Amino acid sequence: MRKEETTHCYRIAENILARIRGTEDGIQAGELDRWLSASPNNKKLYEDIMDPEKQAAAMRQLVSIDTPRGWYMVQKRVAQRRRQRLFGVLRVAAVFALLVGGGLFFHGRLTQHTTLVSSQNETILPGYSQARIIFAGGNSVFVDSLSEQEGPRKLEGAVVENHGKEVKFFDVTKDLHFMHGFLDDRYTTIEVPAGGEYKITLMDGTVVFLNSKTQLRFPENYSQMPERTVYLSGEAFFQVARDERKPFVVMCGNYSVRVLGTSFNISNYEEDALSKTTVITGNVAVQAFNKDFLLSPGQQAVVGMNDVLVKDVDVENYTSWMNANFRFNGMNIDEILKKVARWYAVDIVYKNDEVKNYHFTGFMPRYATIDEVLRLLSLTTDIKFEVNGRKVIVSVK
Amino acid sequence: MCFGDVRQKMKTTEKFTYDVEVIFKEYYAPLCLFASRFLQPGCDPEDVVQEVFASFVEKKQSFKTCQHLQNSLYLSVRNACISFLRKHNSRNRYLNELHLGEDQTLEQAIITTEVYRELAESIDTLPPECRKIFEMSYIQGMDNDKVARELSLSINTVKSQKARGKKLLKEKLKDLYPLFLIFFGIDTLM
């Protein structure tokens with residue numbers, strides 16, 4: 001845009017206003033008339049501006065915009081950008097400290113130099129809060145850490161509040177008893193893509209942390225239902241609000257998990273052969289193949305194609321994905337890299353299959369770039385990583 | 001035309017000094033209107049304009065003149081709209097969108113927005129009670145009943161207030177004369 005051209009814009013706008021207000025002088029009138037006769041486009045634009053319907057629509061739009069709220073949101077965005085930048089600096093510092101510490105610790109054991117080959121790629125960043133909500137009516141809305149809304153917002157028959165990293169659903173149909181017959185089979189779906197995570201609060205107060213590549217389907221309202229039934233594919237951590245009269249049931253393909261009010265983690269990915277339910281507090285009943293398996297805290301039910309195995313586990317291995325660090329206690333590499341693949345939205349390719357059974361103990365920062373994490377893994381194991389595009393090639397050192 | 005008093009200051013100093021918040025208050029709604037001309041219906045123009053202002057606050061750019069600043073705002077919003085479309089559509093659709101918008105060039109969109117911005121400002125010059133009634137009945141399209149309920153007044157009070165305010169409205173709103181015509185009708189204006 002050249003300077004004269006745009007200066008010209010404001011002058012024309014001024015001339016048009018003067019004509020509307022009846023305050024134009026000879027010079028302005030002359031300029032405007034010359035401009036109008038210069039091109040049919042100009043004339044058409046003038047007529048559009050003067051069109052009463054269009055004017056009314058524009059005024060309606062201008063008046064309806066909430067400027068103070070807009071300014072508030074701008075300040076929030078600025079603060080968020082600053083936080084992210086500061087966080088980036090701290091993260092690098094933390095990883096550095098970890099590397100130095102790890103290096104000293106493993107000095108005796110490791111003589112090989114670091115073997116992470118990264119071929120001049122784009123930096124692969126960790127996941128962040130993002131999800132898509134699909135309402136019963138079919139419309140969907142994308143939420144992420146930026147599209148934060150202040151206060152509850154009505155969306156498609158549901159009232160939701162989005163805090164950037166968390167969505168809360170409110171029961172709007174509580175008072176509409178006559179509607180219940182119609183609303184019972186309406187489901188809302190929340191989908192978290194690879195490289196995403198999200199936290200939601202259901203209308204009964206149950207809190208669910210959703211991991212990457214996860215889909216949760218739940219009824220718009222369950223006040224008329226005998227049970228609180230939700231459908232899960234992927235991984236989620238549930239903190240179920242206690243309700244003795246209404247059990248909370250998670251349907252996971254070929255089995256279901258039934259509780260009254262506890263916290264537990266379910267990892268039910270289609271690509272994984274085994275689906276795991278890990279109990280942190282309270283009691284949980286896993287129903288599979290027409291049998292009930294009762295679990296207490298610290299226990300895990302591993303559901304395969306046709307059997308269930310209940311065992312005691314280190315719950316940290318299965319629940320640290322919600323925290324700032326992944327913690328692994330003798331976890332096998334295959335399982336760790338599956339998590340890495342989902343969190344960084346990358347593909348893992350094994351050059352040597354025996355690597356899958358290697359174990360790793362330690363922690364990895366969740367909000368670091370993939371290079372930092374893989375370097376950490378290769379420092380303390382005999383594994384070599386090569387990053388090529390969005391593919392991570394794994395081999396023995 | 002440009003931020004009233006602020007422009008006076010600009011003449012005395014070499015660099016144009018400005019307060020982002022003042023500019024935001026004056027330009028946020030008009031820029032949203034401007035952005036909606038480039039975006040498809042259903043896209044939120046406020047989102048785009050908020051992002052532009054967030055960068056604006058961060059960069060603390062300096063401008064030589066007020067028009068330089070205005071140009072920069074309009075251009076940034078237009079560019080943000082284009083990258084928004086690029087992000088949310090396939091390339092082909094984005095190109096189509098831009099071609100569709102061809103009859104409203106950047107220049108034309110600026111002219112339209114500037115005129116409407118000034119017109120909307122004259123609504124703000126009305127006394128508060130007149131402004132409220134004006135917005136409710138003529139912009140939000142409420143009938144007397146609804147206005148009365150919202151303001152907890154009797155219908156007769158609303159009617160008589162409207163009648164009393166009419167003269168004032170007519171004078172104040174000569175800017176919005178065409179708008180006035182559709183809502184009042186020519187007969188009631190006289």
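First the proteins, then the strands, lettered A, B, ... as listed; each starts at 1. Below, each value reflects all heavy atoms present in this structure, side chains not excepted, and no hydrogens, waters or symmetry copies. Computed from a prediction, not measured in an experiment: that's the story for all the values here.
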Check each atom of B/Gln50 against the heavy atoms of chain A and say whether the ones under 4.5 Å are side chain, backbone, both or neither.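 Looking at B/Gln50, backbone and side chain both touch chain A.
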Under 4.5 Å from a heavy atom of chain A, the part of B/Ser55 involved: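 Both parts, backbone and side chain.
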One pair to check against side-chain contact (heavy atoms from CB on, under 4.5 Å): A/Asp48 and B/Gln108. What are the steps and the verdict? CA-CA 11 Å; A/Asp48 274 351; B/Gln108 289 175 321; over 6 Å; no
For the residue pair A/Asp66 and B/Tyr28, confirm or rule out a side-chain donor-acceptor distance under 3.5 Å.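 Judged by distance alone, the side chains do not pair up.
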Looking at [atom1] of [X] and [atom2] of [Y], how far apart are the two atoms once the value is rounded to the nearest 0.5 Å?
X        : Y        : atom1 : atom2 : result
A/Gln55  : B/Thr112 : CD    : OG1   : 11.0 Å
B/Gln67  : A/Tyr10  : CD    : OH    : 6.5 Å
A/Met59  : B/Leu33  : CE    : CG    : 8.0 Å
B/Thr113 : A/Leu62  : OG1   : CG    : 8.5 Å
B/Glu107 : A/Ile12  : CD    : CD1   : 6.0 Å
A/Leu17  : B/Tyr116 : CG    : OH    : 11.0 Å

So B/Glu114 and A/Cys9, do their side chains get closer than 4.5 Å, heavy atoms only?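 SC-SC contact between A/Cys9 and B/Glu114 ruled out.
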Taking the side chain as every heavy atom from C-beta outward, state whether B/Tyr27 and A/Thr67 have any atom pair closer than 4.5 Å.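 Not touching, per the 4.5 Å side-chain cut-off.
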Where do B/Val20 and A/Val74 land on the side-chain contact (heavy atoms from CB on, under 4.5 Å) test, with the steps shown first? CA-CA 11 Å; B/Val20 186; A/Val74 167; over 6 Å; no
If you measure from the Lys or Arg side-chain nitrogens to the Asp or Glu carboxylate oxygens, is any gap between A/Arg81 and B/Glu51 under 4.0 Å?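 Yes.
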By a 4.5 Å heavy-atom criterion (distance strictly below it), what part of A/Ile16 contacts chain B: side chain, backbone, both, or neither?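 Only the side chain of A/Ile16 comes within 4.5 Å of chain B.
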Which heavy atom of A/Arg77 sits nearest a heavy atom of B/Ala54, and at what distance?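 In terms of heavy atoms, the two residues are closest at CB-CB, 4.0 Å.
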